[in-house]
Amino acid sequence: MICMTTDSGANMCFGHRLHLAIEKSAKDPRVDRTVSILKKMVSAFSFSWKKKRELARLQTEMKLPPHKLITDSPTRWGSKLAMIERVLEQEKAISEILKADKKTRCLVPGYNEKDVMESVVKALGPLRDFTDALS
């Protein structure tokens, strides 16, 4: 298929309906709390050149991929998954940096948050693969 035209009928909104279904299923207090903490964590790095510099240094030292943190976008469910996966990937370096600053110590993910993040990745990972295949 090269081109597709639609009249915006209800039967043509599969992607939007999938997005709404995923967002609704993720409306769990534990997921909401964890995502809220992660957004604050990513924001702490976004607004601090010192934290960014330290993250780059620790990525090299810990042999982690030199990736930037990803923030969640409310209109793209996949961005939530990408943010969680990136935090899990960089968790050791992130935790070390946040623990060193008494203002950000509270943002270090605990065992509960790690369990939630791993569960979300397990649940949403296959859906990302499915939507990638559709697009």
Side-chain angles (χ1 to χ4, degrees):
M1 183 179 297
I2 297 171
C3 180
M4 185 167 104
T5 305
T6 176
D7 61 357
S8 298
N11 60 340
M12 300 304 288
C13 300
F14 177 75
H16 180 66
R17 289 177 190 252
L18 179 63
H19 171 80
L20 293 175
I22 291 169
E23 286 296 314
K24 189 172 184 175
S25 68
K27 285 295 173 198
D28 178 278
R30 294 167 295 191
V31 174
D32 287 341
R33 181 180 183 285
T34 300
V35 168
S36 175
I37 290 169
L38 296 183
K39 283 182 176 184
K40 291 174 187 169
M41 174 195 302
V42 170
S43 187
F45 281 86
S46 296
F47 294 111
S48 171
W49 63 268
K50 289 180 182 178
K51 283 184 177 37
K52 286 181 196 174
R53 183 184 64 193
E54 187 65 8
L55 179 61
R57 185 186 71 75
L58 285 175
Q59 286 171 333
T60 302
E61 188 178 297
M62 295 178 170
K63 296 180 176 37
L64 295 170
H67 295 149
K68 294 182 179 180
L69 299 182
I70 299 171
T71 190
D72 175 39
S73 170
T75 57
R76 303 190 64 138
W77 73 265
S79 66
K80 185 178 295 178
L81 177 60
M83 177 180 68
I84 292 169
E85 287 176 325
R86 184 60 52 85
V87 168
L88 286 171
E89 174 193 88
Q90 301 290 327
E91 193 264 328
K92 289 180 183 178
I94 291 170
S95 293
E96 190 170 316
I97 295 164
L98 294 176
K99 285 177 186 176
D101 182 355
K102 63 182 175 183
K103 292 179 183 177
T104 58
R105 281 184 195 146
C106 61
L107 299 177
V108 176
Y111 292 109
N112 291 337
E113 288 81 22
K114 288 178 193 172
D115 286 344
V116 169
M117 288 189 286
E118 289 167 358
S119 296
V120 168
V121 169
K122 260 187 183 173
L124 295 184
L127 288 172
R128 180 195 44 223
D129 298 341
F130 175 68
T131 55
D132 287 350
L134 283 178
S135 62

> So K68 and K52, side chain to side chain contact (heavy atoms under 4.5 Å, CB included) or not? Walk me through it.
Replying inline: CA-CA 8 Å; K68 294 182 179 180; K52 286 181 196 174; over 6 Å; no
> So F45 and T71, side chain to side chain contact (heavy atoms under 4.5 Å, CB included) or not? Walk me through it.
Replying inline: CA-CA 10 Å; F45 281 86; T71 190; over 6 Å; no
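Heavy-atom neighbours of R105 CZ from other residues, nucleotides or ligands within 6.0 Å: above the threshold of 12. Within 6.0 Å of CZ in R57 there are more than 12 heavy atoms belonging to other residues, nucleotides or ligands.
Transitive grouping of hydrophobic side chains (ILVMFWY, heavy atoms separated by less than 4.5 Å) keeps I70 and M117 in distinct clusters. Linking Ile, Leu, Val, Met, Phe, Trp and Tyr residues whenever their side-chain heavy atoms come within less than 4.5 Å places M83 and V108 in a single cluster.
When each of D115, I84, D28 is tested with V120 by the rule side chain to side chain contact (heavy atoms under 4.5 Å, CB included), just one qualifies, namely I84.
No donor-acceptor pair under 3.5 Å is formed between the side chain of E96 and the backbone N or O of A93. Checking side-chain atoms of Q90 against main-chain N and O of P65 turns up a donor-acceptor pair under 3.5 Å. Using a distance-only test at 3.5 Å, with no hydrogens or angles considered, a donor-acceptor pair links the side chain of Q59 to the main chain of H67.
Scanning all heavy atoms of the two residues, the minimum distance from I37 to L107 falls at CG2-O, 3.7 Å.
In this structure, CD in E89 is found 9.5 Å from CG in L69, a value given to the nearest 0.5 Å. To the nearest 0.5 angstrom, L64 atom CG is 7.5 Å from K92 atom NZ. Atom CE of M41 sits about 6.5 Å away from atom OG of S95, to the nearest 0.5 Å. Going from atom CZ of R30 over to atom OG1 of T34 covers 9.0 Å, rounded to the nearest 0.5 Å. Taken to the nearest 0.5 Å, the NZ atom of K51 stands 12.0 Å off from the CD1 atom of I94. The NZ atom of K50 sits 10.0 Å away from atom CG of D101, with the distance rounded to the nearest 0.5 Å.
Annotation: side chain of I97 is in contact with side chain of L55 (closest heavy-atom distance under 4.5 Å).
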